[in-house]
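For reference, the structure discussed in these notes is given below.
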Amino acid sequence: MARRQCSKEDCHAPQDFCQELGSPEYPKCKHFIANAHKEEAKVTSKKNKTISTIPWSGDFLQQDEIDLLAHRGTPKIIGLIGSSGAGKTTYLAMLYTLLFNGKLIEGWDFAGSYTLSGWELQAKTLHIKENGKVRYPDATPSDKDFQSLYHLALRNENHLHDVLFADSSGEVFSKWADNVDDPSAENAGWIYEKSHGFLFFIDCQAIIDQRGRAKLEIVQLAEQVKKGLNKRPIVLLWSKADLADSMRSNIVESIETSLKTLFPDAISLQISNYSKSDSDELCHVNNLKGTESLLNQMDNPQPLTVAPMQPESSDFFFKYRGSYGSK
Ligand SMILES: Nc1nc2c(ncn2[C@@H]2O[C@H](COP(=O)(O)OP(=O)(O)OP(=O)(O)O)[C@@H](O)[C@H]2O)c(=O)[nH]1
Ligand SMILES: [Mg+2]
């Protein structure tokens with residue numbers, strides 16, 4: 001560990017020993033890099049991706065990696081939209097945690113994932129401590145080209161669907177709401193353009209803390225979403241609803257009225273990551289219901305056809321198609 005965290009090129013001290021200080025207290029050395037192993041791990045996982053002979057690492061996907069799923073048909077993309085800190089990433093961490101613990105998205109059975117490591121990483125950071133406090137995932141990076149796509153294969157009425165949840169930082173969504181052509185909000189634009197349906201987050205805590213300012217931000221973002229929405233479904237999620245009682249009712253009513261005007265058919269759910277009991281409506285029921293409702297509304301799911309490719313050889317052995325031949 002010491003080796004990897006030492007920035008001095010000619011230091012050849014053994015593991016867990018500092019040559020500069022002549023002691024095992026290497027973290028006190030000026031050449032010691034506190035988070036080097038984490039940084040290195042991050043970089044390595046992406047580096048490995050490019051040199052690996054296996055085309056994926058289990059990490060979340062980037063937009064140019066979607067073709068990994070192309071052999072199974074066009075994946076359905078669910079865009080998560082909401083301002084900074086609205087609870088988007090935590091929603092994904094909780095969704096996976098619930099599925100992992102045996103909860104179901106009704107009618108949509110879990111059938112695998114290409115991004116298990118990505119899901120696991122978020123779920124691990126969403127940590128409920130013994131004192132009941134919750135540790136949350138880190139804020140999502142706000143670089144214009146950063147986004148993370150989390151994959152779920154879901155089986156519905158005997159059809160397999162590839163679903164990608166597209167997460168980006170709320171900061172880029174605020175920029176996008178101001179100006180859709182803002183070059184520093186490219187990833188928000190991509191999510192908006194490509195998604196087949198949306199989860200729109202309304203942050204109860206922001207409404208409590210910032211009142212009118214939060215309302216303006218939520219409505220401005222919603223208006224921008226409405227502009228090119230067409231028939232794509234949207235589900236409204238009032239996040240951090242464990243705090244909902246502390247919101248001022250006049251602000252809530254005013255936001256509700258604006259959202260009703262913009263999205264008259266959208267269902268609205270209160271969600272939270274705090275649960276008092278199992279099954280808790282805000283946590284165990286509504287987190288899953290949000291995704292379930294969106295999946296049910298997303299248009300024309302394409303059935304998956306699993307059949308062998310047409311043999312090109314004239315050899316009888318290769319032409320033999322067994323039971324598939326008659327279908
Ligand atoms: N009270 C309460 N706080 C929550 C809940 N979920 C998340 N939070 C808080 O909200 C913070 C932000 O959550 P994130 O999931 O990172 O929000 P985000 O929308 O992904 O944020 P960006 O990536 O920065 O856009 C967390 O660090 C928690 O402090 C919840 O259910 N209840
Ligand atoms: Mg985030």
Side-chain angles (χ1 to χ4, degrees), residues 59-62 78-98 115 118-119 121-129 131-150 164-178 182 184-192 195 198-210 214 217-218 220-222 224-225 235-247 269-291:
D59 251 350
F60 58 76
L61 300 170
Q62 306 280 338
I78 293 181
L80 277 72
I81 296 190
S83 43
S84 182
K88 303 177 292 299
T89 307
T90 316
Y91 177 81
L92 294 178
M94 182 49 85
L95 182 67
Y96 178 78
T97 304
L98 292 170
T115 58
W119 286 111
L121 185 75
Q122 294 303 352
K124 265 187 209 149
T125 46
L126 175 69
H127 182 65
I128 294 140
K129 298 185 198 162
N131 58 8
K133 293 203 166 162
V134 185
R135 210 194 103 209
Y136 289 98
D138 295 336
T140 308
S142 55
D143 322 16
K144 67 179 171 55
D145 49 1
F146 180 90
Q147 61 176 278
S148 30
L149 299 165
Y150 295 84
L164 288 168
F165 292 81
D167 185 25
S168 221
S169 99
E171 208 177 307
V172 290
F173 275 111
S174 302
K175 289 180 185 167
W176 177 82
D178 263 350
D182 185 334
S184 57
E186 263 175 30
N187 39 3
W190 186 91
I191 291 178
Y192 184 62
S195 294
F198 299 98
L199 295 171
F200 186 90
F201 290 76
I202 303 135
D203 183 348
C204 295
Q205 188 173 26
I207 295 170
I208 296 163
D209 296 344
Q210 301 163 19
E217 199 172 336
I218 293 162
Q220 190 191 13
L221 188 54
Q224 200 61 273
V225 170
V235 169
L236 309 174
L237 297 177
W238 293 73
S239 58
K240 312 181 195 176
D242 45 287
L243 306 171
D245 290 345
S246 307
M247 291 191 292
L269 292 166
Q270 292 198 341
I271 58 165
S272 168
N273 299 302
Y274 286 89
S275 66
K276 295 185 192 103
S277 59
D278 188 357
S279 163
D280 180 299
E281 194 181 356
L282 300 184
C283 179
H284 297 96
V285 179
N286 287 355
N287 277 312
L288 293 162
K289 228 187 214 174
T291 293

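Both ligands and their constituent atoms are indexed starting at 1 by order of listing.
With rounding to the nearest 0.5 angstrom, the CG atom of N287 is 10.0 Å from the OG atom of S239. Between the CZ atom in F165 and the CH2 atom in W119 there is a gap of 5.0 Å [rounded to 0.5 Å]. Distance check: L80 CG to F200 CZ gives 11.5 Å after rounding to the nearest 0.5 Å.
Y192 has its ring centre no less than 6.0 Å from the ring centre of F173.
Only protein N, O or S atoms were scored, and 2 of them lie under 2.8 Å from the Mg ion (ligand 2).
Contact residues for ligand 1 (protein heavy atom closer than 4.0 angstrom to any ligand atom): S83, S84, G85, A86, G87, K88, T89, T90, Y136, A139, T140, S169, G170, K240, D242, L243, S272, N273, Y274.
Scored by the side-chain contact (heavy atoms from CB on, under 4.5 Å) test, D242 finds K240, S272, Y274 as partners (sequence neighbours excluded). Legend: residues meeting side-chain contact (heavy atoms from CB on, under 4.5 Å) with S246, ordered by chain and number and at least two apart, are I208.
Between the side chains of Q122 and T89, not a single donor N or O lies within less than 3.5 Å of an accepting N or O.
A donor-acceptor contact shorter than 3.5 Å is absent between the side chain of K88 and the backbone of F201. Side chain of T291 to main chain of L288: no donor-acceptor pair is present (N/O by atom type, distance under 3.5 Å, no hydrogens or angles).
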